[in-house]
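Worksheet: the structure to be examined is printed underneath.
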There are 2 protein chains.
Amino acid sequence: MGASKVDIYSAEINDMATIAKVFAHPARVAILQYISKQEGCICNDIVDEIGLSQPTISQHLKVINEAGLLKGNFVGKSICYCLNINRFQEFQELFNSFFNKTKSNCC
Amino acid sequence: MGASKVDIYSAEINDMATIAKVFAHPARVAILQYISKQEGCICNDIVDEIGLSQPTISQHLKVINEAGLLKGNFVGKSICYCLNINRFQEFQELFNSFFNKTKSNCC
DNA sequence: TTTTATCATCGTAATATTGCAATATTACAT
DNA sequence: ATGTAATATTGCAATATTACGATGATAAAA
């Protein structure tokens with residue numbers, strides 16, 4: 001196989017897994033941290049900062065973006081990637097809600 | 001490829017990704033939720049509850065266990081799985097620390 | 001217009017993950 | 001000891017992910 005049986009779980013559970021997947025690769029964690037550290041949201045030195053090729057970084061950015069975590073502003077020929085904090089906060093709340101719900105009625 | 005270049009990231013970043021991977025599959029999220037819901041930590045009807053085969057569930061349990069999230073008590077020939085709340089709480093704190101750090105100094 | 005820089009996409013190789021059938025192991029009961 | 005129920009392990013097929021080189025697309029600069 002290799003494909004998850006998505007249809008047998010509730011939407012809530014699938015959402016949780018989908019969101020977690022974004023953070024389930026160190027490159028994406030590193031990208032998110034790096035972007036957030038930049039004042040004024042500087043562009044693609046991400047490739048230089050992290051040790052991966054430009055296409056690979058671009059691919060990871062796509063995953064992060066599809067999760068709604070990016071805002072991209074064009075500045076000349078570069079793109080300024082910026083964290084979508086609202087969405088990020090949403091994720092944090094979802095995680096906490098999952099954690100709290102799961103541990104609360106535990107044995 | 002298919003293999004992550006783990007050696008180019010800090011331990012903190014790799015830890016974050018490793019932990020997230022546990023929650024990055026709906027079966028594992030479902031298993032955790034189910035286990036936590038049971039009063040007194042009941043045994044392996046997880047297979048019936050979720051719609052996957054016994055070997056598959058066993059495999060997912062192994063992943064969860066290797067992350068330190070399970071306590072297993074033998075009760076006759078069955079095993080009572082129980083959430084390791086301390087570890088679970090640890091994970092929650094790690095996530096929150098990552099979220100807070102990342103969003104705090106953002107553009 | 002041509003060049004140059006930045007980023008996305010395509011194609012592809014290597015590896016990982018998911019899921020299950022078959023089998024092994026474990027632990028109790030008889 | 002033998003049988004049986006519960007769980008783990010193995011082996012394999014299908015699919016997903018990761019990474020990169022090559023190629024495109026776009027927009028400023030020359």
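In what follows, chains carry the letters A, B, and so on, assigned in the order in which the sequence lines appear, proteins first and then strands, with residues in each chain numbered from 1.
Nearest approach of B/Ile46 to B/Ile31, heavy atoms of both residues: CG2-CG1, 3.9 Å.
The side chain of B/Ala3 lies closest to C/dA16 when the candidates are C/dA16, D/dT9, C/dT18. Side-chain atoms of B/Gln59 lie closest to C/dT18 of the nucleotides C/dT18, D/dT7, D/dA19. Of the candidates C/dG19, C/dA8, D/dC20, the closest approach to any side-chain atom of A/Thr56 belongs to D/dC20. For A/Leu52, whose side chain is taken as the heavy atoms from C-beta onward, the closest listed nucleotide among C/dC20, D/dT7, D/dC20 is D/dC20. Ranking D/dA6, D/dA19, C/dG19 by closeness to the B/Ser78 side chain, first place goes to D/dA6. When each of C/dT18, C/dT9, C/dC20 is scored by its nearest atom to the side-chain atoms of A/Pro55, the top-ranked nucleotide is C/dT9. Each of D/dC20, D/dT9, C/dC7 was ranked by its minimum atom distance to the side chain of A/Gln54; first place goes to C/dC7.
Residue B/Lys21 places no side-chain N or O under 4.0 Å from the OP1 or OP2 atom of C/dA16. Phosphate contact (OP1/OP2 of D/dA8, side-chain N/O of B/Tyr81, threshold under 4.0 Å): present. In this model, the phosphate group of C/dT17 is not approached by any side-chain N or O of B/His60 to a distance below 4.0 Å at OP1 or OP2.
Between A/Glu49 and A/Lys37 there is no salt bridge, since no side-chain nitrogen of the basic residue lies less than 4.0 Å from a carboxylate oxygen of the acidic one.
Every residue two or more places apart in sequence or in another chain was checked for a salt bridge (charged side-chain N to carboxylate O under 4.0 Å, His left out) with B/Glu93, and none qualifies.
Nucleic acid contact for B/Ser58: base, since at least one base atom lies under 4.0 Å from a heavy atom of the residue.
For an aromatic pair to be called close, the ring centres must be under 6.0 Å apart, and B/Phe99 with A/Phe23 satisfies this.
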